[in-house]
Amino acid sequence: MSSRKIRVRFAPSPTGPLHMGGVRTALYNYLFAKKQGGDFILRIEDTDQNRFVKGAEEYIIESLKWCGIEPNEGIGFGNGPHAPYRQSERKELYRKHVEELIAKGKAYYAFDSAEDLDIIRKQWEAEKKTFAYDSSTRLNMKNSLTLDALKVKDLISSGASYVVRLLVPENEEIHVQDIIRGEVNVNSSLIDDKVLFKSDGMPTYHLANVVDDYLMQITHVIRGEEWLPSAPLHVLLYRSFGWESVMPQFAHLPLLLKPEGNGKLSKRDGDRLGFPVFPLEWKDPESGEVSSGYREKGYYPEAFINMLALLGWHASGDKELFTMEELIQDFTLERVHKAGAKFDPEKAKWFNEHYLRLKSDKVLAAHLKKIAADEFGLKGDDHRLKDEFLLNAVRLLKERVQFEHEMAEKGVYLFMAPADYDRPLIEKKWKPTHGGFFQALLNSLSGMSGFSAAEVESVFKETAAAQGVKPGEVLQLLRVFVSGQGGGVDLFGMLSLLGKEEVLERLEKAMSTAVSV
RNA sequence: GGCCCGUUCGUCUAGGGGUUAGGACACGUCCCUUUCACGGAUGAAACGCGGGUUCGAUUCCCGCACGGGCUACCA
């Protein structure tokens, strides 16, 4: 075997927005391929026309782009040698292959209608048995095994609706070698005669998946654990086609679980859990319902990716912060954990905080400028939209936010005078004797020529000393008078940024409205 | 129900026959800071249960329990 070039695929079906579990599967495929210098392809598995959702395909492509997980072949990323990459456009291929299987006696036509099967299932259920279309029942059904050849030909040419089923051999041990889980053994008698080809002329996932992986020379199938139960069936299919020697290796990833409660994370979880499950915001074309996305919530793609990478995988050391390049370097399937992972929204925030700190003040200032314009309505040549002001504001705020938009929430008072004050705090701290101090402070501040943080601080202290007031007594009052709040950015840095005029104005206003001297 | 997979602090995980069972997030305390945050230090916090195997099991094996997945002409 194998001097074959590594080729992996991410094969979502466009039934809605891709959720974070899907993104992680794409990521692991991508990391694995890049590490080995292989190819990563995007294939759209749209064989179920009933579940097609408009915009889903575009959503998948945009999500991968935002995350920096770029396929080198496939829909949306330039076609490669195996186009088309949309299964609905490969119909004839599957028909051809399924006919080959029938000719080899590995598959057969079945004419039982969905309604017939439904009735049988219900009957069995009533007897507390589970019906399976398999070696024990197939000879009682309406198919090319029980009908004579002429009749079959007749039915087909008369346009009767039919499906094609795999003729699963009886009592054969099937071994699936999984990179993450080791060997999984299943007896073929437990597998039913799965439908390979539907009556609407489309293949099922099982057929399309195997045919395409073979045709596209996929070497490794890396997918979610929900596929593990059907992996033996896929092995059987490779065997039936005679492709076992080039069968891809399997790696079934642990599932992403809901943070609280049980079950795998699903698209339906939407925002119910208080955090996004989708990379990008999604508006359902039918209901108009909007689900939030990591991007719109202010997460950086690098934080999102880093967080996702560590959900089910861990490097050999204690390192937790990885760039995409570093992930590619360190990633191995062998180090993927076996158990499902609940993810912690708090840790996701921490990752974002980390990446925010890494941004330059300049980049952050540009975003803050936009926020100031959009949210505070500043415009034109307002000095607060100037680089110098913005850069200083960023320096004051950077260490205390996890998201860029928090700079607006935590820094309002840098841009706007307080509309009101933390009254309870003032009542607690204020003593009538402080009136003299603040009058004196007003005086000495207005006499200043420079207004640096250090200068303001020493003037503040000198004034306090001269008035016989302990700085600590009036410090927080000063803060509330200027910002309205009892906590926040570095006080003297804030005063310096605001500038003399603004500070005096705010102080005077506070003295006349917030306290009775 | 049947089949398959899994189980280390609250969460993500490292580890693996003999360890003080390690790290990160979150949480507590302290230091720094005349605020808050950052930073630093520190603390509490885990091998599901029962049998084996073994001088010794959290680690290997078997049961059980629990959790999850699959069980469609869905992927």
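Naming convention: chains lettered A, B, ... in sequence-line order (proteins, then strands); numbering from 1 in each chain.
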Below 4.0 angstrom, N of the basic side chain to O of the carboxylate: do [X] and [Y] qualify?
{"X": "Asp330(A)", "Y": "Arg335(A)", "answer": "no"}
{"X": "Lys347(A)", "Y": "Glu353(A)", "answer": "no"}
{"X": "Asp118(A)", "Y": "Lys122(A)", "answer": "yes"}
{"X": "Glu45(A)", "Y": "Arg43(A)", "answer": "yes"}
{"X": "Lys142(A)", "Y": "Asp116(A)", "answer": "no"}

Side-chain N,O ([X]) to OP1/OP2 ([N]) below 4.0 Å:
{"X": "Arg357(A)", "N": "C38(B)", "value": "no"}
{"X": "Lys128(A)", "N": "G2(B)", "value": "no"}
{"X": "Lys198(A)", "N": "A75(B)", "value": "yes"}

Please tabulate the protein-to-nucleotide N/O contacts below 3.5 Å involving nucleotides 10-15 of chain B, giving atom names and distances.
residue, atom, partner, partner atom, Å
C12(B), OP1, Lys342(A), N, 3.0
C12(B), O2', Leu310(A), O, 2.9
U13(B), OP1, Gly312(A), N, 2.5
U13(B), O2', His314(A), NE2, 3.1
A14(B), OP2, His337(A), NE2, 3.0
A14(B), O3', Arg335(A), NH2, 3.3
G15(B), OP1, Arg335(A), NH1, 3.1
G15(B), OP1, Arg335(A), NH2, 3.3

Applying a 3.5 Å limit to both distances, which nucleotide forms a Watson-Crick or G-U wobble pair with [N]?
{"N": "C66(B)", "answer": "G6(B)"}
{"N": "U54(B)", "answer": "none"}
{"N": "A21(B)", "answer": "none"}
{"N": "C47(B)", "answer": "none"}
{"N": "C38(B)", "answer": "none"}

Euclidean distance for [atom1], [N] against [M] (whole angstrom):
{"N": "G50(B)", "M": "C66(B)", "atom1": "C1'", "answer": "14 Å"}
{"N": "G2(B)", "M": "C47(B)", "atom1": "P", "answer": "31 Å"}
{"N": "A46(B)", "M": "C9(B)", "atom1": "P", "answer": "9 Å"}
{"N": "G10(B)", "M": "G28(B)", "atom1": "C1'", "answer": "14 Å"}
{"N": "G67(B)", "M": "A57(B)", "atom1": "P", "answer": "29 Å"}
{"N": "C4(B)", "M": "C62(B)", "atom1": "P", "answer": "13 Å"}
{"N": "C27(B)", "M": "C38(B)", "atom1": "P", "answer": "9 Å"}
{"N": "G51(B)", "M": "C73(B)", "atom1": "P", "answer": "46 Å"}

Which nucleotide in the list [options] gets nearest to the side chain of [X]?
{"X": "Arg181(A)", "options": "C4(B), U35(B), C5(B)", "result": "C5(B)"}
{"X": "Leu190(A)", "options": "C3(B), C25(B), A37(B)", "result": "C3(B)"}
{"X": "Val184(A)", "options": "C4(B), A75(B), C70(B)", "result": "C4(B)"}
{"X": "Glu226(A)", "options": "G69(B), C4(B), C73(B)", "result": "G69(B)"}

Atom-pair distance ([atom1] on [X]; [atom2] on [N]), nearest Å:
{"X": "Leu491(A)", "N": "U35(B)", "atom1": "CG", "atom2": "C1'", "value": "8 Å"}
{"X": "Lys264(A)", "N": "C5(B)", "atom1": "NZ", "atom2": "P", "value": "18 Å"}
{"X": "Phe351(A)", "N": "A26(B)", "atom1": "CZ", "atom2": "P", "value": "11 Å"}
{"X": "Arg121(A)", "N": "A72(B)", "atom1": "CZ", "atom2": "C1'", "value": "7 Å"}
{"X": "Tyr205(A)", "N": "C70(B)", "atom1": "OH", "atom2": "C1'", "value": "13 Å"}
{"X": "Leu166(A)", "N": "A72(B)", "atom1": "CG", "atom2": "P", "value": "16 Å"}
{"X": "Asp192(A)", "N": "C73(B)", "atom1": "CG", "atom2": "C1'", "value": "12 Å"}
{"X": "Arg138(A)", "N": "C73(B)", "atom1": "CZ", "atom2": "P", "value": "15 Å"}

Along RNA chain B (nearest heavy atom to each residue), the more 5'-positioned of Pro471(A) and Ile180(A)
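Closest to the 5' end, via its nearest nucleotide, is Ile180(A).
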
Taking the nucleotide of RNA chain B with the nearest heavy atom to each, does Pro229(A) or Leu117(A) sit closer to the 5' end?
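Here Pro229(A) is the residue nearer the 5' end.
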
Cation-pi check for Tyr133(A) against Arg165(A): NZ or CZ below 6.0 Å from the six-membered ring centre and within 45 degrees of the axis, yes or no?
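That pair qualifies as a cation-pi contact.
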
Tyr205(A) ring centre to Lys194(A) NZ or CZ under 6.0 Å, with the angle to the axis within 45°?
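No, cation not above the ring by the 6.0 Å, 45° rule.
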
Give one of base, sugar-phosphate or nothing for [X], where a contact means two heavy atoms less than 4.0 Å apart.
{"X": "Lys461(A)", "value": "base"}
{"X": "Val163(A)", "value": "base"}
{"X": "Ser13(A)", "value": "sugar-phosphate"}
{"X": "Asp112(A)", "value": "base"}
{"X": "Val401(A)", "value": "nothing"}

Do Phe492(A) and Phe460(A) make the cut of ring centroids closer than 6.0 angstrom?
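Centroid distance Phe492(A)-Phe460(A): below 6.0 Å, so yes.
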
Going by atom types alone, do [X] and [Y] pair a side-chain donor with an acceptor below 3.5 Å?
{"X": "His252(A)", "Y": "Arg181(A)", "result": "no"}
{"X": "Asp193(A)", "Y": "Tyr108(A)", "result": "yes"}
{"X": "Glu173(A)", "Y": "Asn187(A)", "result": "yes"}

Can you list the residues that meet the salt bridge (Lys or Arg N to Asp or Glu O under 4.0 Å) rule with Glu404(A), with sequence neighbours excluded?
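In terms of salt bridge (Lys or Arg N to Asp or Glu O under 4.0 Å), with neighbours along the sequence ignored, Glu404(A) is linked to no residue.
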
Tell me which residues in residues 42-52 of chain A put a heavy atom below 4.0 Å from RNA chain B, sorted by number, or none.
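By residue number: Glu45(A), Thr47(A), Asp48(A), Arg51(A).
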
Whether Tyr294(A) and Tyr299(A) hold their rings parallel, tilted or perpendicular, with breakpoints at 30° and 60°
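If you compare the ring of Tyr294(A) with that of Tyr299(A), the planes turn out perpendicular.
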
